[in-house]
Amino acid sequence: MNPDVDHYIARSAPFAQLVLQHIRKLIHQACPEVEEKMKWSFPHFDYKGMMCSMAAFKQHCAFTFWKGALLEDPNRVMDKKRSEAMGQFGRIALIDDLPEDAIVLGLIRDAMRLNDEGIKLPPKPKKPVNKVTVPDILRDALGKNKKAGAQFEALSAACQREYIQWITEAKREETRERRVKSAIEWISEGKHLNWKYQK
């Protein structure tokens with residue numbers, strides 16, 4: 001038992017104290033070797049790595065399994081697609097909002113099994129990189145200046161977009177050309193658009 005977890009529960013609302021104490025009791029019952037830790041300012045329970053956590057909010061509690069998406073759930077009591085912030089059991093305001101004790105104990109033991117076997121969560125899919133569409137006027141200028149072209153490719157997509165937006169939002173042709181000229185000069189020096197304001 002971690003005194004920091006005792007303190008967290010004591011600071012919670014009366015309804016939450018009952019829920020958190022009950023969850024904590026079930027975790028220790030199923031996994032006597034569990035280690036209590038405070039991470040991200042709320043209680044976590046580790047067993048050969050992170051296993052589960054609980055948190056109290058103003059009007060509800062949350063109970064989350066770290067590898068909840070991989071747990072066997074024959075009783076279908078978990079929402080495996082729910083965001084981690086809310087937990088797989090939704091808003092818990094009463095002990096009765098949790099599944100039956102025997103079901104929760106089974107889920108905890110299954111979470112232990114996953115950690116015993118060293119099973120890891122699959123990596124999150126990478127977000128597709130949005131390709132930046134370079135307007136013709138800038139593309140032509142970059143093509144004529146190899147150094148600027150190489151530097152532009154090295155910039156992050158966000159920095160590239162800043163230059164493109166700055167150029168394309170110009171209403172007059174002369175303004176657009178003047179901005180392209182400045183952009184090529186700054187890009188060839190490896191500068192971001194707002195380099196003047198950066199320390």
Side-chain angles (χ1 to χ4, degrees), residues 1-133 156-162:
M1 295 286 189
N2 183 333
D4 291 337
V5 175
D6 293 328
H7 184 62
Y8 180 92
I9 293 172
R11 283 190 343 249
S12 301
F15 84 89
Q17 291 179 23
L18 296 173
V19 172
L20 297 178
Q21 287 165 353
H22 187 74
I23 293 170
R24 188 186 199 189
K25 181 190 84 173
L26 292 176
I27 292 167
H28 281 273
Q29 182 180 334
C31 182
E33 305 92 350
V34 78
E35 187 179 353
E36 295 184 347
K37 294 182 179 179
M38 290 296 291
K39 298 177 186 175
W40 303 296
S41 302
F42 57 96
H44 283 67
F45 300 88
D46 286 13
Y47 169 76
K48 299 181 182 179
M50 284 206 281
M51 185 172 70
C52 57
S53 64
M54 62 184 188
F57 303 97
K58 285 184 179 178
Q59 296 182 331
H60 70 280
C61 298
F63 179 32
T64 306
F65 284 99
W66 186 250
K67 298 175 183 173
L70 303 179
L71 290 179
E72 293 179 9
D73 183 21
N75 298 290
R76 296 187 180 176
V77 295
M78 299 173 67
D79 182 350
K80 296 187 180 188
K81 293 179 182 175
R82 188 181 291 276
S83 70
E84 192 175 312
M86 187 61 136
Q88 291 101 357
F89 302 95
R91 299 166 68 89
I92 306 165
L94 304 164
I95 291 172
D96 288 346
D97 291 336
L98 285 163
E100 294 173 19
D101 288 359
I103 293 172
V104 175
L105 291 168
L107 291 168
I108 296 165
R109 292 186 185 109
D110 196 36
M112 292 171 63
R113 175 190 63 79
L114 292 173
N115 284 5
D116 278 331
E117 295 174 7
I119 296 171
K120 298 187 185 307
L121 283 168
K124 289 183 179 177
K126 290 184 179 179
K127 291 181 180 177
V129 178
N130 292 337
K131 275 289 202 180
V132 178
T133 305
S156 69
C159 290
Q160 290 178 358
R161 272 192 286 275
E162 284 177 357

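- Shown here is R76, whose CZ atom has no more than 12 heavy atoms of other residues, nucleotides or ligands within 6.0 Å.
- Counting heavy atoms from C-beta outward, L20 and F63 have side chains that stay 4.5 Å or more apart.
- Residues that satisfy the side chain to side chain donor-acceptor pair (under 3.5 Å) test with R109, not counting sequence neighbours, are absent from this structure.
- Ring-plane geometry between F45 and H28 is classed as perpendicular, the angle between the planes exceeding 60 degrees on a 0 to 90 degree scale with a lower cut at 30.
- Within the 4.5 Å cutoff, the side chain of D6 has no heavy atoms near those of the E36 side chain.
- In this structure the side chain of V19 never reaches within 4.5 angstrom of the side chain of H60, judged on heavy atoms.
- Between F42 and H44, the ring planes lie tilted relative to each other; the angle falls in the 30° to 60° range.
- From R24, atom CZ reaches atom SG of C52 across 12.0 Å, with rounding to the nearest 0.5 Å.
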Go through it in stages, so that I can follow the logic: the residues are T64 and M50, the test is side chain to side chain contact (heavy atoms under 4.5 Å, CB included), and I'd like the CA-CA distance, side-chain angles, deciding distance and then a yes or no. CA-CA 11 Å; T64 306; M50 284 206 281; over 6 Å; no
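- Annotation for E117: atom CD counts as buried by contact number, over 12 foreign heavy atoms lying within 6.0 Å.
- The backbone N or O of L71 lies less than 3.5 Å from no partner atom in the side chain of D110, so there is not a single donor-acceptor pair.
- Residues A62 and F57 share a closest heavy-atom pair of CB-CE1, 3.9 Å.
- Side-chain contact between N115 and W66 is absent, with no heavy-atom pair separated by less than 4.5 Å.
- Here CG of N2 is found 11.5 Å from NE2 of H7. Values are rounded to the nearest 0.5 Å.
- The shortest side-chain heavy-atom distance between D73 and Q88 does not fall under the 4.5 Å cut-off.
- When all heavy atoms of A55 and Y8 are compared, the closest pair comes out as CA-OH, 3.4 Å.
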Could you walk me through whether C61 and F15 pass side chain to side chain contact (heavy atoms under 4.5 Å, CB included), step by step? CA-CA 9 Å; C61 298; F15 84 89; 4.2 Å; yes
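- No donor-acceptor pair under 3.5 Å is formed between the side chain of Y47 and the backbone N or O of A111.
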For a side chain to side chain contact (heavy atoms under 4.5 Å, CB included) check, start with the C-alpha distance between M112 and V34, then their side-chain angles and the critical distance, and finish with the verdict. CA-CA 9 Å; M112 292 171 63; V34 78; over 6 Å; no
Anything under 3.5 Å between a donor and an acceptor, one on a side chain of residues 93-107, the other on a protein residue two or more places apart or in another chain? List them.
{"unit_1": "D97", "atom_1": "OD2", "unit_2": "A93", "atom_2": "N", "d": "2.8"}
{"unit_1": "D97", "atom_1": "OD2", "unit_2": "L94", "atom_2": "N", "d": "3.0"}
{"unit_1": "D101", "atom_1": "OD1", "unit_2": "H22", "atom_2": "NE2", "d": "2.8"}

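- R113 places a side-chain heavy atom less than 4.5 Å from the side chain of I119.
- Counting only residues at least two apart or in different chains, salt bridge (charged side-chain N to carboxylate O under 4.0 Å, His left out) contacts with residues 39-62 comprise K37-D46, K39-D46, K48-D116.
- To the nearest 0.5 Å, atoms CG (L18) and CD1 (I23) are separated by 11.0 Å.
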